[in-house]
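All of these numbers come straight from a predicted model, not from anything done at the bench.
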Amino acid sequence: MPTLGWSRDHPRRAVRLRVRPRAPAPVTAPAQGVSRATSALLVVLVVLAGLGARLLLPPATGSPVGDALYATLVVLLVALVRPRTRPLVAAAVGLALCAAVEAAQLTAVPAEVVERLPLARYVLGTTFVPADLAWYAAGAAVGGSLLALVAPRALRVDGLLRHVRDDDEPAARRRPRAAVVVPVVVLVLLAAAGGGLAWMLRQEAGALTTQVAAARETLDDSVDRVADDAVRPALAESIDRAEAVLAATPLLERRPGDADDERRRLERDTAAVQRSRLDFARAEVTEARDALDPTAARAEQVLAAVDALDADGKAADGAVRSAASAALVDAEDELARTADDRLDGAGVTEVEAASAALGARLDELGSATTDLMAAQDAVVCPEPDQVWFPETGRLAKDELAAVPWAPGYSVRADLLDGLVALDDAFRAEFGRHLTVNSAYRSHAQQVAVYDPQNPNPLAAPPGCSNHGQGTAVDLSVGPAGFDSTTYAWLKEHAEPLGWTHPDWAEPDGRLPEPWHWQSVKTPVDYGAWLTAP
């Protein structure tokens with residue numbers, strides 16, 4: 001402080017004013033609050049963390065993490081608005097604000113605000129969830145902890161953001177620079193966060209667009225080719241949802257993670273269609289193999305029968321036989337290539353190709369075998385209504401069953417019940433059994449009744465008679481023949497029970513035979529015979 005004193009150097013003892021140095025004023029400690037720059041930086045980092053959690057974590061985890069980070073963000077915003085707020089107070093205020101926002105969702109106000117201003121959903125939400133309060137508490141604790149950790153270093157962070165300056169620079173010059181640099185840094189960080197958000201939305205949209213194209217291709221390719229009919233409508237619905245998300249306005253209607261959610265949904269539903277398509281293809285392979293196996297066996301039987309006729313000069317043309325033989329070899333090779341162990345682990349494309357190949361071999365073998373049978377029929381069966389089958393007269397014993405009231409005669413075992421039912425109805429009408437004069441004839445028996453030198457007009461050549469197939473019986477109708485009551489009754493009642501009178505045996509047919517009756521299951525078509533079980 002200034003003082004007065006006498007000077008010994010002046011003769012007049014003039015008074016001189018001397019100023020002594022003022023004692024330094026006590027230095028007060030700087031406030032320990034977090035600077036706005038630090039708070040802003042933390043705000044940006046928390047926002048990025050929230051976006052990352054929604055993008056990278058599954059919904060069951062990302063949702064609660066997002067709730068917690070929301071509370072953390074609110075705590076940091078409190079510190080940003082009032083930098084000198086103590087961390088504990090900021091955490092308490094932030095938790096209270098979050099709880100208030102959550103409680104407001106019990107009313108219709110947030111939903112109405114969001115309807116008018118879509119961006120408000122990021123702040124207000126729309127649905128009250130009690131469990132969110134626990135996550136808010138955790139997030140508020142994290143926010144308070146972050147503030148407590150950075151508070152002692154707040155001034156140092158300010159110095160870094162304001163750049164290195166000379167310690168002797170006047171404070172008047174430092175303040176304007178800080179007032180410019182800090183907002184610029186905050187704006188740069190916010191711009192970077194916005195750019196990152198925009199990039200994230202574009203990446204999500206691009207990935208979803210690619211997945212939509214793949215899903216639509218899968219949907220189009222799977223028409224009538226899935227085992228479960230429900231998977232295609234589900235995929236179609238997912239495609240519609242995804243396209244709606246892509247058409248939505250970014251941020252206002254499409255939030256970060258929305259496109260990824262739909263992409264994952266599309267991937268799941270596309271995979272379901274592919275699995276169902278694979279199941280369908282495998283079922284088709286099984287069905288094709290089940291059809292080709294017996295067809296191959298019967299083709300082999302036909303070829304063997306034709307070869308046996310070759311010794312008597314009655315075999316079909318060699319070119320037709322060669323074509324059938326080649327088709328049989330191709331079919332057997334395809335059956336080996338498509339065995340279950342060969343298709344283990346195969347994808348949809350490979351299994352569908354196997355199914356198509358089996359179908360093609362089935363068609364080729366069936367056509368070649370039919371051609372061979374028709375050619376053989378032309379050689380050995382003189383009449384157009386006669387059909388040659390290699391198994392005629394060569395049925396195994398277990399394929400036949402004796403007629404109960406006429407045990408000396410047999411029919412094909414699967415036809416016996418119908419014949420018994422016919423006899424029961426006949427006996428109820430006439431009081432007696434049907435009289436059976438002939439039924440199944442073996443090849444040797446057919447040879448015995450047919451003389452090629454003097455053909456019996458009532459006996460077909462061996463291999464051409466349906467008696468040899470076990471599907472025909474000769475029933476006595478009496479001397480009145482077509483005019484008998486027995487014939488008339490059979491014409492009325494036999495067919496509903498599975499037995500019929502063929503056209504060639506009708507009164508105006510090629511060979512009128514009132515006694516000849518045959519099963520409606522008598523094979524007359526080579527294609528049906530080849531594929532029959």
Report task. Search all heavy atoms of L246 against all heavy atoms of V212 and return the closest pair with its distance. Result ->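 Where L246 meets V212 most closely, the heavy atoms are CD1-CG2, 4.3 Å.
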
Report task. Please report the shortest heavy-atom distance between P64 and W135, naming the atom on each side. Result ->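 Closest heavy-atom pair between P64 and W135: CB-CE2, 3.2 Å.
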
Is it true that [X] and [Y] have a side-chain N and a carboxylate O under 4.0 angstrom from each other?
X: R225; Y: E352; answer: yes
X: D224; Y: R277; answer: no
X: E267; Y: R263; answer: yes
X: R337; Y: E332; answer: no
X: R282; Y: D279; answer: no
X: R412; Y: D414; answer: yes

Report task. Can you label the angle between the Y70 ring and the Y136 ring as parallel, tilted or perpendicular, going by 30° and 60°? Result ->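 Ring orientation, 0 to 90° scale: tilted.
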
Are [X] and [Y] close enough that a side-chain donor and a side-chain acceptor fall under 3.5 Å?
X: E391; Y: W529; result: yes
X: H516; Y: Q518; result: yes
X: S519; Y: T471; result: no
X: S222; Y: R232; result: yes
X: E506; Y: H501; result: yes

Query raised in the report: Any donor-acceptor pair under 3.5 Å linking the side chain of D423 with the backbone of L434?
Result: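 At least one qualifying donor-acceptor pair exists.
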
**Report entry** Backbone of A68 reached by a side-chain donor or acceptor of T72 within 3.5 Å
**Finding:**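 Judged by distance alone, yes, a pair lies under 3.5 Å.
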
Report task. Hey, could you give me each pair passing side chain to side chain donor-acceptor pair (under 3.5 Å) that has a residue in residues 318-330? Not counting sequence neighbours. Result ->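 Listed once each, the pairs are D307-R321.
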
Query - Straight-line distance of L45 CG to L73 CG, nearest 0.5 Å - result: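 If we round to the nearest 0.5 Å, L45:CG and L73:CG are 11.5 Å apart.
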
Is there a side-chain contact between [X] and [Y] (heavy atoms, below 4.5 Å)?
X: Y487; Y: W515; result: no
X: R361; Y: L292; result: yes
X: V447; Y: H443; result: yes
X: Q386; Y: R510; result: yes
X: L490; Y: W499; result: no

Requested in this report: Would you please test R342 and E350 for salt bridge (Lys or Arg N to Asp or Glu O under 4.0 Å) and show each step?
Outcome: CA-CA 11 Å; R342 293 287 191 91; E350 186 177 351; over 6 Å; no

**Report entry** Test applied, side-chain contact (heavy atoms from CB on, under 4.5 Å); reference residue, Y440; option that passes from N466, V403, L395, V473
**Finding:**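 Of N466, V403, L395, V473, side-chain contact (heavy atoms from CB on, under 4.5 Å) with Y440 is met by L395 alone.
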
